[in-house]
Amino acid sequence: MALVVQKYGGSSVGSAALIKNVAARIKRRVDAGDQVVAVVSAMGDTTDALIALARQITDEPEAREMDVLLSTGETQSSALLVMALHTLGVDAISLSGGQAGMRTDSVHRNARILAIEPKRVREEVDRGRVVIVAGFQGLTEGMDVATIGRGGSDTTAVAFAAALQARCEIYTDVDGVYTADPRLVPEARKLQDISYEEMLELASKGAKVMAPRAVELGSVYNIPILVASSTRDAPGTLIHGGVDMEGFNRVRGIAHDLDVAKITIRHVPDRPGVAAEIFEPLADAHLSVDTIVQNASEEALTDITFTLARNDLARALPHVQAVAKAIGAKDVVADEHMGKVSIVGTGIQSAPGYAARMFRVLSEAGINIEIISTSEIRITCIIPEASVDAAVRALHKAFELEKAEVADTL
Ligand code: ADP
Ligand code: ASP
Ligand code: MG
C-alpha cells in the first residue's frame, strides 16, 4: 500500500465528464490498495474567466479580494470531484487549501508556502478516505485566503507529497514532458526522465507543463515527480535527481514563451547604485524581472534593458518612468511583443558550440536576436513574438531532438 499525492490540472477536470473520468481513475488506485490524496485545479479556463470577470468590475481589483475570488475555482472542482467519487461508492472528502494545512505568507496572488500542516489530511486518509485538496490556495497567518501564483496547483501537490512523504504524480493533458511543446512541434518526443535542474530551466523559461516552483520544491525535498496523462495509460516522464544517463552531450529540450515584454531605459548615468535604484521599486511592487542586460558604458551613459511578463508591463512602466526621471536617464522605451526561446541540457556545459549553432539556426531562419542570456545548462534568445514558433521548430530540427536517445534504445 502506497500513499500517493496526485494532481489533476484544469484541462483534466474541465467538464463533468472529465471529472467523472478522474474519479474513475482514483477509484482504480484505491481498489489497487493505494491511499490517495488528490490536488485539483480549477475547471478548464475558470481562473482566466474569473480574472476577466473581475476586470469588468475594476481595473485595479484588490489582491486580497482577487484571492477570495480565484480560490473559488479550485473549491468548485474539489467538491464536484468528491461528488463523482461518492457516486462510485468511494469514501472521499474535499478540503480547501487552508483546511488541508497549507500556510502561506500574505503576498496575495503570489504567496509563498510557509508550511504544510497535514494533520487533518492524515486523519482523513487514516479513516480510509480519499482526500481532495483544492490546489493553488492556502491560508495566511491572519486567516485570509491567499493564492500561490499561476500554475500553483503543481506546487501544492509537490508540497503535500513532501509533507506526507508520499509519491507524487502530476496528471495533465499530455503524456509527459516532451522535447518541446507538442502542440507546437508535432515531432516532439516524450522524455523517459529528466533531471530537476533541466526541468527547472525548461519550466522557468516557459514549458508550462510544470510550474517552476513545484520543480524547485521537488528538488529541495528530493521528491521524484511523475508527469503523465490523465486520460491515457501511457508511461509518463519521471523528474528526478538521479544521474542523467541519457542526456550527456545533448540538448534535452526547447522551451518557449510568448508572454514577454521588454523595457529599455536609455542613457542611464553610469554610477554605482543606479541598478539598485531601478530594480528596488519593481521588487517592492512584487514585479519579477527576468533577463537584464546593461550595455557597455559610453561617455558615462549606458542603456539598461530587461524583460518581464507582458501582463506586468502596465504596472511596471510608471515605476520605471519615475526612476528614469529621478536618475536623469534620457527616456524609457517598451516593446510588448517579444518572445523567448531556450535550449536546455546538461550537455551544454560540457561541450562548446551549442550557442554558435543556436545563433546560426536562428539567423538562417531570418530571426533577429535581441537579447541573449545563459545559465550553465541553458541558452535563451529574446526574439520577436512573431518569430517564436518558427524558431522552436527550426531548433528542434537542427538539434535532432526527434531522434531517440541512447537509453531509449537500450
Ligand atoms: P494543466 O491544466 O494540467 O496544469 P497545463 O496547460 O498547465 O496543464 O500544462 C500542460 C501543457 O503544457 C500541455 O498541453 C502543453 O501544450 C504544454 N507544454 C509546454 N511545453 C511542454 C513540454 N515540453 N512537454 C509537454 N507539454 C508542454
Ligand atoms: N487554477 C490556477 C491557474 O490557472 C492554478 C493551477 O491551475 O495550477 O493558474
Ligand atoms: Mg498547469
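Just so it is clear, the values below take in all heavy atoms, side chains as well, and ignore hydrogens, waters and symmetry mates. Every value quoted in this text rests on a predicted model; they were computed, and no experiment measured them. Remember, it's 1-based here, ligands and their atoms both numbered in the order they're listed.
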Working for side chain to side chain contact (heavy atoms under 4.5 Å, CB included), residues Thr346 and Glu198: CA-CA 7 Å; Thr346 41; Glu198 288 172 324; 3.2 Å; yes

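- Side chains of Ser153 and Ser41: a donor on one and an acceptor on the other come within 3.5 Å.
- What you find for Ala38 and Ile26 is that their closest heavy atoms are CB-CD1, 3.9 Å.
- Here the options are Arg29, Arg28, Lys27, the test is salt bridge (charged side-chain N to carboxylate O under 4.0 Å, His left out), and the partner is Asp31; only Lys27 passes.
- Every atom of ligand 2 with a heavy atom of Glu74 under 4.0 Å away is listed here by number and element: 1 (N), 2 (C), 5 (C).
- Side chain of Thr156 to main chain of Gly152: a donor-acceptor pair is present (N/O by atom type, distance under 3.5 Å, no hydrogens or angles).
- Under a 4.0 Å criterion applied to the non-hydrogen atoms of Arg150, ligand 2 contributes the atoms 3 (C), 4 (O), 9 (O).
- For the pair Asp154 (side chain) and Ala214 (backbone), a donor-acceptor distance under 3.5 Å is absent.
- Atoms of ligand 2 found under 4.0 Å from any heavy atom of Ser41, numbered from 1 in the order shown, are 6 (C), 7 (O), 8 (O).
- Distances between N or O atoms of Ser153 and those of ligand 2 include at least one value under 3.5 Å.
- No salt bridge links Arg252 with Glu201; every basic N to acidic carboxylate O contact stays at or beyond 4.0 Å.
- When heavy-atom distances to ligand 1 are checked against 4.0 Å, the residues falling inside are Lys7, Gly9, Gly10, Ser11, Thr172, Asp173, Val174, Gly176, Val177, Tyr178, Ala180, Asp181, Pro182, Arg183, Ala207, Lys208, Val209, ordered by chain and number.
- At least one heavy atom of Gly151 sits closer than 4.0 Å to an atom of ligand 2.
- Between Phe279 and Phe306, the ring-plane angle classifies as perpendicular under the 30° and 60° cut-offs.
- Not a single heavy atom of Gly10 sits under 4.0 Å from any atom of ligand 2.
- With sequence neighbours excluded, the residues that form a side chain to side chain donor-acceptor pair (under 3.5 Å) with Asp173 are Ser11, Arg183.
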